[in-house]
Amino acid sequence: MQARVIMLVDLDFFFAQCEERRNPSIRDKPVVVCVYSGRSEDSGAVSTANYIARKYGVKAGIPIYLAKKKLKDVDAVFLPVDHEFYDEVSEKIMRILRSHADRFEQVGIDEAYLDVSRKVNGDFEQAEKLAKKAKDEVKAHEKLTCSIGIGPNKLIAKIASDIKKPDGLTVVKPEQVESFLSPLPVSSLIGVGRKTEEKMVAMGIRTVRDLAEYDAQRLIEAFGRNLGTYFHKASIGIDDEPVQERSGVESISRISTLKKNTRDLELITEKTNHLCDQVYEHLAQSGLSFKSVGIVAVMTDMSILSRSETFENPTDDLEVLKKTAKELFERLLKESELEARRVGVKVFNFVKKQEEQKQLTSFLGFPES
DNA sequence: GTATGCTTTCGGC
DNA sequence: TTACGGCCGAAAGCATAC
């Protein structure tokens with residue numbers, strides 16, 4: 001059993017970098033990739049921005065209008081998102097990265113874990129060379145930079161990848177794990193969100209070092225056996241999560257901004273029926289059935305409300321989807337007085353169609369063939 | 001008390 | 001000072017089961 005060597009590869013400011021590659025003449029300017037909602041000239045939000053734009057405070061999530069204001073005296077480039085193009089680029093890069101890994105796990109469109117333990121014989125020097133080679137290859141074939149973190153597990157690799165970017169490479173060897181982790185805030189650990197961090201701070205735990213020094217048994221008392229054990233192990237750099245292929249998406253959703261804010265169920269249903277059609281189209285390509293339907297509404301004050309329903313048995317029926325979405329919106333409107341601004345539909349809890357058959361037959365007591 | 005599953009919210013890009 | 005997308009997975013909260 002040799003030591004594990006794990007890499008996390010993160011494609012830098014991915015959408016904006018794709019746009020720079022397509023049109024290199026914009027590379028020295030702020031590049032802002034936007035999602036326009038169509039409601040008015042500049043309504044919408046920033047999806048991602050290159051590092052030049054970030055120097056002006058332009059980053060993912062801010063309104064387009066605000067981004068334009070921050071860049072009003074600058075020669076900046078604003079572009080609409082082009083997901084098809086990014087998907088294409090991502091697919092090619094993932095193929096390159098996969099070829100360098102013993103095991104591969106893609107996370108979203110621009111990130112992947114590579115287990116390279118065997119490939120580099122458990123040697124971190126070799127892993128660093130391999131990472132440079134992968135970076136060079138991605139650069140040569142796809143003209144894109146990425147940032148890589150290397151560590152003895154996914155936890156360390158992920159945190160390491162954030163240390164230097166863009167175009168960074170950070171290696172944390174097993175003997176460096178303790179000094180690497182100790183000073184970080186507990187929120188650096190996956191699994192520690194705002195609430196958990198607050199709870200830990202109240203217990204006198206701010207840094208990973210504090211967490212590591214905290215009595216493991218007391219952690220278990222405070223967070224339960226699973227979480228408590230996980231936190232204790234993570235604090236000393238232990239993480240046994242394997243790098244494994246993701247079987248597929250966990251949810252498919254479509255959301256859209258309404259022309260006008262409304263609480264008229266018929267107007268909303270008109271829009272969500274269309275969204276259901278799109279979700280269904282995507283679903284049909286994947287050959288999946290779903291057990292759960294969810295809806296989401298962004299209200300006038302930008303607060304987000306959601307409702308969902310899980311069925312006894314999986315289905316792939318478009319009419320069931322539409323009917324359920326409508327009922328959920330009806331319920332949501334009863335429980336809020338605000339008008340809806342954006343509405344969305346999603347399906348999740350997937351079952352592959354063959355397995356659905358299997359589930360049914362085993363339920364009925366037939367022997368499996 | 002803890003595990004599990006479902007629902008809702010949060011947060012990154 | 002306001003302004004505001006679409007999609008995903010993770011986190012959190014709760015009810016019920018064990």
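The sequence lines fix the lettering, A, B, ..., with proteins before strands; numbering per chain opens at 1. Owing to the predicted nature of the structure, the values given are computational and were not obtained by experimental measurement.
Between the CZ atom of A/Phe14 and the C1' atom of B/dG12 there is a distance of 15 Å, given to the nearest Å. The CG atom of A/Asn349 sits 16 Å away from the P atom of B/dT4 (whole-angstrom rounding). Distance OH (A/Tyr230) to P (C/dA12): 11 Å, rounded to an integer number of Å. Taking atom CD1 on A/Ile109 and atom C1' on C/dG6, their separation rounds to 13 Å, with Å as the unit. Separating the OH atom of A/Tyr86 from the P atom of C/dG6 is a distance of 15 Å, rounded to the nearest angstrom. What separates CD of A/Gln17 from P of B/dC13 is a distance of 15 Å, to the nearest Å. When rounded to the nearest whole Å, the span between CD1 of A/Ile252 and P of C/dC7 equals 11 Å. The CG atom of A/Asp110 sits 13 Å away from the P atom of C/dG9 (whole-angstrom rounding).
Nearest to the side-chain atoms of A/Arg307 among the listed nucleotides B/dT8, C/dC4, C/dA10 stands B/dT8. Relative to the side chain of A/Ser253, the nucleotides B/dC13, C/dC8, C/dG6 differ in distance, and C/dC8 lies closest. Nearest to the side-chain atoms of A/Lys69 among the listed nucleotides C/dC7, C/dG5, C/dA3 stands C/dA3. The A/Pro63 side chain lies nearest to C/dC4 when the options are C/dC4, B/dT8, B/dC13. The side chain of A/Thr257 lies closest to C/dG5 when the candidates are B/dC6, C/dG5, B/dT8. Here the side chain of A/Ser47 is nearest to one of C/dG5, C/dC4, C/dC8, namely C/dG5.
Residue A/Leu66 is classed as a base contact, given a heavy-atom separation below 4.0 Å to a base. The residue A/Arg331 sits close only to the backbone: its heavy atoms come under 4.0 Å of sugar-phosphate atoms, none of a base. Here A/Gly344 lies out of heavy-atom contact (under 4.0 Å) with every strand. A/Val46 comes within 4.0 angstrom of a base, heavy atoms only. No contact: A/Ser292 has no heavy atom under 4.0 Å from any strand. A/Gly44 comes within contact range of the sugar-phosphate backbone alone, with a heavy-atom separation under 4.0 Å but no base atom that close.
Under 4.0 angstrom from either OP1 or OP2 of B/dG5 there lies no side-chain N or O belonging to A/Thr310. The shortest distance between the side-chain N/O atoms of A/Ser43 and the OP1/OP2 oxygens of C/dC4 is not below 4.0 Å. Within the structure, every side-chain polar atom (N or O) of A/Arg39 is placed at least 4.0 Å from both OP1 and OP2 of C/dC4. Taking only side-chain nitrogens and oxygens, A/Arg254 never comes nearer than 4.0 Å to OP1 or OP2 of C/dG6.
For B/dC13 and C/dC4, the P atoms lie 24 Å apart once the distance is rounded to whole Å.
In this structure, A/Lys70 fails the cation-pi test against A/Tyr56, since its NZ or CZ atom is not both closer than 6.0 Å to the six-membered ring centre and inside 45 degrees of the ring normal. Note that A/Arg22 lies in the cation-pi zone of A/Phe85, set by a 6.0 Å cut-off to the ring centre and a 45° limit from the axis.
Under a 3.5 Å cut-off, the side chain of A/Asp115 and the backbone N or O of A/Phe104 do not form any donor-acceptor pair.
The CG atom of A/Leu114 lies 8.5 Å from the NE2 atom of A/His100; values are rounded to the nearest 0.5 Å.
The heavy-atom pair separating A/Val293 from A/Ala325 by the smallest distance is CG1-N, 4.4 Å.
You won't find any donor-acceptor pair under 3.5 Å spanning the side chain of A/Ser37 and the base of C/dG5, going by distance alone.
Relative orientation of the A/His83 and A/Phe15 rings is perpendicular, given thresholds of 30° and 60° on the angle between their planes.
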